[in-house]
Protein chains: 2
Amino acid sequence: MATAWELARENGLAGLSLRDLARRLGMAAPSLYSYVDSKADLYDAMYADGWRSVLALGHPEPADDVRTALLNVQRPYVQWALEDPVRYQLLNQRTIPGFEPSAPSYAIAQEAYARSFSSLEPLVELTQGDRDLITAVVAGLLSQQFANDPGGTRWVRLLEDAVDLVVPRLEAKKKPAASARGRHPQ
Amino acid sequence: MATAWELARENGLAGLSLRDLARRLGMAAPSLYSYVDSKADLYDAMYADGWRSVLALGHPEPADDVRTALLNVQRPYVQWALEDPVRYQLLNQRTIPGFEPSAPSYAIAQEAYARSFSSLEPLVELTQGDRDLITAVVAGLLSQQFANDPGGTRWVRLLEDAVDLVVPRLEAKKKPAASARGRHPQ
DNA sequence: GTCTATACTAAGATAGAC
DNA sequence: GTCTATCTTAGTATAGAC
(Lines give C-alpha, C1' and ligand atoms only; values in the text may rest on other atoms or scores of the structure.)
Protein backbone atom coordinates (compact mmCIF):
# COMPACT_ATOMS: atom_id res chain seq x y z
CA MET A 1 0.00 0.00 0.00
CA ALA A 2 2.73 2.44 0.98
CA THR A 3 4.61 1.71 -2.23
CA ALA A 4 1.48 2.21 -4.29
CA TRP A 5 1.00 5.67 -2.76
CA GLU A 6 4.64 6.43 -3.36
CA LEU A 7 4.32 5.66 -7.05
CA ALA A 8 1.07 7.58 -7.35
CA ARG A 9 2.81 10.62 -5.90
CA GLU A 10 5.64 10.26 -8.40
CA ASN A 11 3.72 9.53 -11.59
CA GLY A 12 0.29 10.89 -10.84
CA LEU A 13 -2.72 8.89 -9.84
CA ALA A 14 -3.61 7.91 -13.39
CA GLY A 15 0.05 7.17 -14.08
CA LEU A 16 0.18 4.40 -11.53
CA SER A 17 0.89 1.05 -13.17
CA LEU A 18 0.90 -2.46 -11.80
CA ARG A 19 4.17 -3.19 -13.59
CA ASP A 20 5.87 -0.29 -11.85
CA LEU A 21 4.44 -1.33 -8.54
CA ALA A 22 5.64 -4.89 -8.93
CA ARG A 23 9.08 -3.75 -10.03
CA ARG A 24 9.51 -1.52 -7.01
CA LEU A 25 8.37 -4.30 -4.71
CA GLY A 26 10.94 -6.62 -6.27
CA MET A 27 8.20 -8.86 -7.61
CA ALA A 28 7.16 -10.05 -10.99
CA ALA A 29 4.05 -8.23 -12.15
CA PRO A 30 1.67 -11.20 -12.05
CA SER A 31 2.51 -11.84 -8.41
CA LEU A 32 0.48 -8.77 -7.50
CA TYR A 33 -2.64 -10.63 -8.42
CA SER A 34 -2.26 -12.65 -5.24
CA TYR A 35 -3.03 -9.46 -3.34
CA VAL A 36 -5.30 -7.58 -5.67
CA ASP A 37 -7.92 -8.69 -8.14
CA SER A 38 -7.40 -5.90 -10.62
CA LYS A 39 -6.16 -2.38 -10.92
CA ALA A 40 -9.58 -1.07 -9.97
CA ASP A 41 -9.35 -3.20 -6.86
CA LEU A 42 -6.02 -1.59 -6.03
CA TYR A 43 -7.54 1.87 -6.32
CA ASP A 44 -10.36 0.74 -4.09
CA ALA A 45 -7.90 -0.50 -1.47
CA MET A 46 -6.09 2.83 -1.66
CA TYR A 47 -9.37 4.66 -1.31
CA ALA A 48 -10.19 2.73 1.86
CA ASP A 49 -6.66 3.20 3.15
CA GLY A 50 -6.87 6.92 2.52
CA TRP A 51 -10.08 7.39 4.46
CA ARG A 52 -8.69 5.29 7.27
CA SER A 53 -5.88 7.80 7.52
CA VAL A 54 -8.51 10.49 8.02
CA LEU A 55 -10.06 8.48 10.82
CA ALA A 56 -6.57 8.16 12.27
CA LEU A 57 -6.63 11.91 12.86
CA GLY A 58 -8.85 11.02 15.80
CA HIS A 59 -11.98 12.68 17.08
CA PRO A 60 -12.02 16.46 16.88
CA GLU A 61 -11.54 18.35 20.10
CA PRO A 62 -14.88 19.44 21.55
CA ALA A 63 -15.40 23.18 21.80
CA ASP A 64 -17.77 25.68 23.33
CA ASP A 65 -18.18 27.90 20.32
CA VAL A 66 -18.92 27.33 16.69
CA ARG A 67 -15.78 28.92 15.34
CA THR A 68 -13.46 26.85 17.50
CA ALA A 69 -15.42 23.69 16.81
CA LEU A 70 -15.06 24.23 13.07
CA LEU A 71 -11.36 25.00 13.25
CA ASN A 72 -10.72 21.98 15.46
CA VAL A 73 -11.88 19.73 12.64
CA GLN A 74 -10.88 21.62 9.56
CA ARG A 75 -7.37 22.63 10.53
CA PRO A 76 -6.11 19.05 10.92
CA TYR A 77 -8.06 18.01 7.85
CA VAL A 78 -6.48 20.65 5.66
CA GLN A 79 -3.11 19.72 7.06
CA TRP A 80 -3.81 16.10 6.23
CA ALA A 81 -4.89 17.00 2.68
CA LEU A 82 -1.73 19.00 2.02
CA GLU A 83 0.42 16.06 3.08
CA ASP A 84 -0.59 14.16 -0.02
CA PRO A 85 -2.45 15.88 -2.86
CA VAL A 86 -2.72 12.66 -4.81
CA ARG A 87 -4.48 10.97 -1.92
CA TYR A 88 -6.87 13.90 -1.70
CA GLN A 89 -7.48 13.61 -5.41
CA LEU A 90 -8.40 9.93 -5.23
CA LEU A 91 -10.65 10.40 -2.24
CA ASN A 92 -12.36 13.64 -3.13
CA GLN A 93 -12.33 14.18 -6.85
CA ARG A 94 -13.73 12.12 -9.68
CA THR A 95 -10.55 11.91 -11.60
CA ILE A 96 -9.78 8.38 -12.79
CA PRO A 97 -12.15 7.35 -15.58
CA GLY A 98 -14.01 4.29 -14.33
CA PHE A 99 -13.36 4.25 -10.63
CA GLU A 100 -16.10 4.01 -8.04
CA PRO A 101 -15.43 2.85 -4.51
CA SER A 102 -16.92 -0.42 -3.31
CA ALA A 103 -19.62 -0.30 -0.66
CA PRO A 104 -17.33 -1.27 2.25
CA SER A 105 -14.75 1.32 1.25
CA TYR A 106 -17.37 3.98 0.85
CA ALA A 107 -18.66 3.20 4.33
CA ILE A 108 -15.31 4.27 5.76
CA ALA A 109 -15.59 7.55 3.90
CA GLN A 110 -19.03 8.07 5.38
CA GLU A 111 -17.78 7.46 8.87
CA ALA A 112 -15.11 10.09 8.39
CA TYR A 113 -17.73 12.45 7.00
CA ALA A 114 -20.01 11.98 9.99
CA ARG A 115 -17.18 12.41 12.43
CA SER A 116 -16.22 15.72 10.87
CA PHE A 117 -19.37 17.25 12.33
CA SER A 118 -19.14 15.69 15.76
CA SER A 119 -17.67 18.77 17.42
CA LEU A 120 -20.29 20.99 15.82
CA GLU A 121 -23.47 18.99 16.26
CA PRO A 122 -23.68 19.51 20.03
CA LEU A 123 -23.67 23.25 19.48
CA VAL A 124 -25.81 23.74 16.40
CA GLU A 125 -28.81 22.09 14.81
CA LEU A 126 -27.31 21.50 11.39
CA THR A 127 -29.29 21.17 8.18
CA GLN A 128 -27.92 19.20 5.26
CA GLY A 129 -27.41 22.50 3.50
CA ASP A 130 -25.22 23.68 6.37
CA ARG A 131 -23.09 20.57 6.14
CA ASP A 132 -22.82 20.84 2.38
CA LEU A 133 -21.77 24.47 2.55
CA ILE A 134 -19.09 23.68 5.12
CA THR A 135 -17.64 20.86 3.06
CA ALA A 136 -17.84 22.98 -0.08
CA VAL A 137 -15.94 25.89 1.43
CA VAL A 138 -13.10 23.69 2.62
CA ALA A 139 -13.08 21.62 -0.56
CA GLY A 140 -12.92 24.88 -2.50
CA LEU A 141 -9.83 26.08 -0.68
CA LEU A 142 -8.13 22.75 -1.31
CA SER A 143 -9.25 22.48 -4.91
CA GLN A 144 -7.93 25.93 -5.74
CA GLN A 145 -4.77 25.34 -3.75
CA PHE A 146 -3.87 22.16 -5.61
CA ALA A 147 -4.85 23.47 -9.02
CA ASN A 148 -3.42 26.95 -8.97
CA ASP A 149 -0.69 27.04 -6.36
CA PRO A 150 0.52 23.48 -5.87
CA GLY A 151 3.02 23.28 -3.08
CA GLY A 152 2.09 26.75 -1.83
CA THR A 153 -0.33 28.10 0.75
CA ARG A 154 -2.16 30.86 -1.11
CA TRP A 155 -5.63 29.41 -0.49
CA VAL A 156 -5.24 27.22 2.55
CA ARG A 157 -3.93 30.11 4.60
CA LEU A 158 -7.39 31.62 4.18
CA LEU A 159 -8.93 28.82 6.22
CA GLU A 160 -9.75 31.05 9.19
CA ASP A 161 -11.28 33.66 6.91
CA ALA A 162 -13.30 30.96 5.21
CA VAL A 163 -14.53 29.63 8.51
CA ASP A 164 -15.50 33.14 9.52
CA LEU A 165 -17.71 33.32 6.45
CA VAL A 166 -19.74 30.37 7.69
CA VAL A 167 -19.84 31.13 11.41
CA PRO A 168 -22.60 33.75 11.36
CA ARG A 169 -24.94 31.45 9.47
CA LEU A 170 -24.41 28.76 12.08
CA GLU A 171 -24.53 31.01 15.12
CA ALA A 172 -28.05 31.91 14.12
CA LYS A 173 -29.05 28.32 14.80
CA LYS A 174 -27.30 27.75 18.09
CA LYS A 175 -28.74 25.17 20.46
CA PRO A 176 -29.73 26.20 24.00
CA ALA A 177 -26.20 25.36 25.27
CA ALA A 178 -26.72 22.17 27.29
CA SER A 179 -23.49 22.86 29.12
CA ALA A 180 -22.74 19.29 28.24
CA ARG A 181 -19.30 18.97 29.66
CA GLY A 182 -20.23 20.73 32.86
CA ARG A 183 -17.72 23.53 32.43
CA HIS A 184 -20.09 26.36 33.10
CA PRO A 185 -20.85 26.89 36.79
CA GLN A 186 -24.40 28.09 36.27
CA MET B 1 -11.76 20.26 -31.32
CA ALA B 2 -15.44 19.43 -30.94
CA THR B 3 -14.74 15.76 -31.55
CA ALA B 4 -11.93 15.78 -29.01
CA TRP B 5 -14.31 17.13 -26.35
CA GLU B 6 -16.88 14.59 -27.36
CA LEU B 7 -14.45 11.73 -26.80
CA ALA B 8 -13.23 13.20 -23.54
CA ARG B 9 -16.79 13.29 -22.28
CA GLU B 10 -17.26 9.66 -23.28
CA ASN B 11 -14.02 8.13 -22.03
CA GLY B 12 -12.87 10.59 -19.43
CA LEU B 13 -10.21 13.21 -19.88
CA ALA B 14 -7.36 10.80 -19.23
CA GLY B 15 -9.04 8.22 -21.44
CA LEU B 16 -8.79 10.40 -24.51
CA SER B 17 -6.53 8.88 -27.14
CA LEU B 18 -5.23 10.18 -30.42
CA ARG B 19 -6.13 6.92 -32.12
CA ASP B 20 -9.76 7.21 -31.08
CA LEU B 21 -9.83 10.79 -32.16
CA ALA B 22 -8.41 9.97 -35.57
CA ARG B 23 -10.80 7.08 -36.02
CA ARG B 24 -13.82 9.21 -35.26
CA LEU B 25 -12.60 11.87 -37.64
CA GLY B 26 -12.22 9.25 -40.36
CA MET B 27 -8.47 9.78 -40.47
CA ALA B 28 -5.46 7.62 -39.96
CA ALA B 29 -3.88 8.32 -36.61
CA PRO B 30 -0.62 9.84 -37.87
CA SER B 31 -2.54 12.43 -39.87
CA LEU B 32 -3.41 14.17 -36.63
CA TYR B 33 0.19 15.22 -36.32
CA SER B 34 -0.41 17.72 -39.06
CA TYR B 35 -2.67 19.57 -36.65
CA VAL B 36 -1.14 18.83 -33.30
CA ASP B 37 2.44 18.31 -32.22
CA SER B 38 1.71 15.83 -29.46
CA LYS B 39 -0.99 14.72 -27.10
CA ALA B 40 0.07 17.37 -24.61
CA ASP B 41 -0.36 19.91 -27.37
CA LEU B 42 -3.91 18.67 -27.93
CA TYR B 43 -4.73 19.11 -24.26
CA ASP B 44 -3.28 22.59 -24.43
CA ALA B 45 -5.48 23.44 -27.41
CA MET B 46 -8.50 22.12 -25.51
CA TYR B 47 -7.51 24.16 -22.49
CA ALA B 48 -7.41 27.32 -24.57
CA ASP B 49 -10.65 26.40 -26.29
CA GLY B 50 -12.31 25.82 -22.93
CA TRP B 51 -11.38 29.20 -21.52
CA ARG B 52 -12.47 30.84 -24.74
CA SER B 53 -15.89 29.35 -24.11
CA VAL B 54 -15.89 31.12 -20.74
CA LEU B 55 -15.07 34.39 -22.45
CA ALA B 56 -17.93 33.67 -24.83
CA LEU B 57 -20.30 34.00 -21.87
CA GLY B 58 -19.74 37.70 -22.35
CA HIS B 59 -19.20 40.45 -19.83
CA PRO B 60 -21.19 40.11 -16.63
CA GLU B 61 -24.15 42.41 -16.21
CA PRO B 62 -23.24 45.42 -14.08
CA ALA B 63 -25.09 45.78 -10.81
CA ASP B 64 -25.65 48.26 -8.04
CA ASP B 65 -25.18 45.89 -5.14
CA VAL B 66 -22.61 43.31 -4.22
CA ARG B 67 -24.94 40.37 -4.07
CA THR B 68 -26.39 40.94 -7.51
CA ALA B 69 -22.96 41.62 -8.96
CA LEU B 70 -21.70 38.30 -7.64
CA LEU B 71 -24.70 36.35 -8.86
CA ASN B 72 -24.52 37.95 -12.30
CA VAL B 73 -21.10 36.38 -12.78
CA GLN B 74 -21.34 33.18 -10.85
CA ARG B 75 -24.72 31.97 -12.00
CA PRO B 76 -23.76 31.75 -15.66
CA TYR B 77 -20.37 30.36 -14.71
CA VAL B 78 -21.85 27.52 -12.68
CA GLN B 79 -24.25 26.85 -15.51
CA TRP B 80 -21.34 26.72 -17.91
CA ALA B 81 -19.42 24.35 -15.64
CA LEU B 82 -22.34 21.95 -15.37
CA GLU B 83 -22.63 21.76 -19.12
CA ASP B 84 -19.37 19.87 -19.33
CA PRO B 85 -17.73 18.47 -16.20
CA VAL B 86 -14.78 17.16 -18.16
CA ARG B 87 -14.06 20.61 -19.51
CA TYR B 88 -14.22 22.00 -16.00
CA GLN B 89 -11.85 19.28 -14.88
CA LEU B 90 -9.25 20.12 -17.52
CA LEU B 91 -9.46 23.83 -16.88
CA ASN B 92 -9.71 23.90 -13.11
CA GLN B 93 -8.22 20.78 -11.62
CA ARG B 94 -4.73 19.36 -11.84
CA THR B 95 -5.81 15.98 -13.02
CA ILE B 96 -3.78 14.72 -15.95
CA PRO B 97 -0.25 13.81 -14.86
CA GLY B 98 2.12 15.98 -16.85
CA PHE B 99 -0.10 18.71 -18.23
CA GLU B 100 0.60 22.37 -17.78
CA PRO B 101 -0.89 24.98 -20.07
CA SER B 102 1.37 26.96 -22.35
CA ALA B 103 1.82 30.65 -21.70
CA PRO B 104 -0.54 31.81 -24.47
CA SER B 105 -3.26 29.42 -23.32
CA TYR B 106 -2.82 30.45 -19.73
CA ALA B 107 -3.20 34.08 -20.73
CA ILE B 108 -6.74 33.34 -21.90
CA ALA B 109 -7.51 31.81 -18.53
CA GLN B 110 -6.22 34.93 -16.84
CA GLU B 111 -8.40 37.15 -18.96
CA ALA B 112 -11.45 35.12 -17.96
CA TYR B 113 -10.35 35.34 -14.34
CA ALA B 114 -10.00 39.11 -14.47
CA ARG B 115 -13.32 39.53 -16.18
CA SER B 116 -15.07 37.53 -13.48
CA PHE B 117 -14.52 40.43 -11.09
CA SER B 118 -15.46 43.21 -13.46
CA SER B 119 -18.97 43.62 -12.09
CA LEU B 120 -17.70 43.67 -8.53
CA GLU B 121 -14.64 45.90 -8.77
CA PRO B 122 -16.64 49.10 -9.31
CA LEU B 123 -18.48 48.46 -6.06
CA VAL B 124 -15.83 47.10 -3.73
CA GLU B 125 -12.11 47.54 -3.18
CA LEU B 126 -11.13 43.88 -3.44
CA THR B 127 -8.05 42.38 -1.86
CA GLN B 128 -6.45 39.28 -3.33
CA GLY B 129 -7.79 37.39 -0.35
CA ASP B 130 -11.33 38.46 -1.26
CA ARG B 131 -10.89 37.23 -4.80
CA ASP B 132 -9.40 33.96 -3.64
CA LEU B 133 -12.24 33.36 -1.21
CA ILE B 134 -14.83 34.01 -3.88
CA THR B 135 -13.23 31.63 -6.35
CA ALA B 136 -12.76 29.04 -3.61
CA VAL B 137 -16.40 29.08 -2.56
CA VAL B 138 -17.64 28.58 -6.09
CA ALA B 139 -14.94 26.04 -6.91
CA GLY B 140 -15.93 24.18 -3.75
CA LEU B 141 -19.57 23.90 -4.79
CA LEU B 142 -18.53 22.59 -8.18
CA SER B 143 -15.88 20.25 -6.85
CA GLN B 144 -18.30 18.67 -4.40
CA GLN B 145 -21.04 18.58 -7.00
CA PHE B 146 -18.98 16.67 -9.54
CA ALA B 147 -17.37 14.33 -7.02
CA ASN B 148 -20.32 13.42 -4.84
CA ASP B 149 -23.45 14.05 -6.83
CA PRO B 150 -22.53 13.93 -10.52
CA GLY B 151 -25.46 14.86 -12.67
CA GLY B 152 -27.37 16.25 -9.70
CA THR B 153 -27.76 19.68 -8.13
CA ARG B 154 -27.18 19.05 -4.43
CA TRP B 155 -24.34 21.56 -4.11
CA VAL B 156 -24.85 23.96 -6.98
CA ARG B 157 -28.35 24.78 -5.80
CA LEU B 158 -26.66 26.31 -2.75
CA LEU B 159 -25.06 28.99 -4.90
CA GLU B 160 -27.19 31.79 -3.50
CA ASP B 161 -26.53 30.65 0.05
CA ALA B 162 -22.83 30.49 -0.71
CA VAL B 163 -22.87 33.98 -2.16
CA ASP B 164 -24.66 35.19 0.94
CA LEU B 165 -21.80 33.90 3.03
CA VAL B 166 -19.39 36.18 1.23
CA VAL B 167 -21.54 39.28 0.85
CA PRO B 168 -21.14 40.66 4.38
CA ARG B 169 -17.36 40.52 4.16
CA LEU B 170 -17.47 42.52 0.93
CA GLU B 171 -20.14 45.00 2.00
CA ALA B 172 -17.80 46.08 4.75
CA LYS B 173 -15.42 47.38 2.09
CA LYS B 174 -17.86 49.17 -0.16
CA LYS B 175 -16.59 52.03 -2.26
CA PRO B 176 -18.21 55.47 -1.95
CA ALA B 177 -20.66 54.59 -4.75
CA ALA B 178 -19.41 56.63 -7.67
CA SER B 179 -22.81 56.31 -9.29
CA ALA B 180 -20.81 55.35 -12.31
CA ARG B 181 -23.57 54.59 -14.71
CA GLY B 182 -25.51 57.68 -13.74
CA ARG B 183 -28.58 55.82 -12.59
CA HIS B 184 -28.97 57.60 -9.29
CA PRO B 185 -30.45 61.07 -9.61
CA GLN B 186 -28.50 62.53 -6.72
C1' DG C 1 2.76 -16.92 -2.75
C1' DT C 2 5.83 -16.34 -6.29
C1' DC C 3 7.80 -17.30 -10.62
C1' DT C 4 8.39 -17.48 -16.09
C1' DA C 5 6.20 -17.09 -20.14
C1' DT C 6 2.93 -15.19 -22.77
C1' DA C 7 -1.48 -13.36 -24.73
C1' DC C 8 -3.73 -9.49 -26.06
C1' DT C 9 -4.50 -4.72 -26.67
C1' DA C 10 -3.32 -0.23 -27.02
C1' DA C 11 -0.74 3.79 -26.43
C1' DG C 12 2.28 7.90 -28.55
C1' DA C 13 5.17 8.82 -32.12
C1' DT C 14 8.17 8.65 -36.58
C1' DA C 15 9.62 7.52 -41.54
C1' DG C 16 8.79 8.05 -45.93
C1' DA C 17 5.76 7.58 -50.07
C1' DC C 18 2.01 9.90 -52.60
C1' DG D 1 -2.39 16.92 -45.82
C1' DT D 2 -2.93 12.19 -45.79
C1' DC D 3 -1.60 7.56 -46.15
C1' DT D 4 0.68 2.72 -44.86
C1' DA D 5 3.91 0.63 -42.25
C1' DT D 6 6.39 0.36 -38.27
C1' DC D 7 8.92 1.39 -33.77
C1' DT D 8 8.90 1.35 -28.96
C1' DT D 9 6.81 1.00 -24.90
C1' DA D 10 3.45 -0.21 -21.84
C1' DG D 11 -0.80 -1.68 -20.09
C1' DT D 12 -3.98 -5.54 -17.66
C1' DA D 13 -4.44 -10.09 -17.25
C1' DT D 14 -4.04 -15.44 -17.51
C1' DA D 15 -1.80 -20.23 -17.55
C1' DG D 16 0.73 -23.30 -15.35
C1' DA D 17 5.08 -24.80 -12.92
C1' DC D 18 7.53 -24.64 -8.43
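In what follows, chains carry the letters A, B, and so on, assigned in the order in which the sequence lines appear, proteins first and then strands, with residues in each chain numbered from 1.
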**Request:** For C/dA11, take OP1 and OP2 only and decide whether either is under 4.0 Å from a side-chain N or O of B/R19.
**Result:** yes

**Asked** How long is the line joining NZ of A/K39 and P of D/dA10, in whole Å?
**Response** 14 Å

**Shortest non-hydrogen separation from A/A4 to A/L21 and the atoms involved** = N-CD1, 3.7 Å

**Asked** Taking side chain as C-beta onward, heavy atoms only, is A/W51 less than 4.5 Å from A/S105?
**Response** no

**Request:** Would you indicate what A/S17 reaches in the nucleic acid, counting non-hydrogen atoms under 4.0 angstrom: base, sugar-phosphate, or nothing?
**Result:** sugar-phosphate

**Fill in**
Closest non-hydrogen atoms of B/P101 and B/Y47, given as atom of the first, atom of the second and distance, are CB-CE2, 3.4 Å

**Item:** B/A28 side chain, from C-beta outward: closest of C/dT4, D/dT4, D/dT2
**Value:** D/dT4

**Of B/P30 and A/D20, the one whose closest DNA chain D nucleotide lies more 5'** = B/P30

**Asked** Between D/dA10 atom P and A/L18 atom CG, what is the distance in whole Å?
**Response** 14 Å

**Complete:** Tested for side-chain contact (heavy atoms from CB on, under 4.5 Å) against A/L16, the lone hit among A/M46, A/E6, A/R9 is A/M46

**Request:** Using a 4.0 Å heavy-atom cut-off across all strands, classify B/G15 as base, sugar-phosphate, or nothing.
**Result:** nothing

**Prompt:** Using a cut-off of less than 4.0 Å, is there contact between a side-chain N or O of B/S31 and OP1 or OP2 of D/dG1?
**Reply:** no

**Asked** Taking the side chain of B/M27 as heavy atoms from C-beta outward, which of D/dA13, D/dT2, C/dC3 is closest to it?
**Response** D/dT2

**Message:** If you only use heavy atoms from C-beta on, which nucleotide in C/dT14, C/dC3, D/dT4 is closest to the side chain of B/Y33?
**Reply:** C/dT14

**Prompt:** Taking the side chain of A/S34 as heavy atoms from C-beta outward, which of C/dG1, C/dC3, C/dG12 is closest to it?
**Reply:** C/dG1

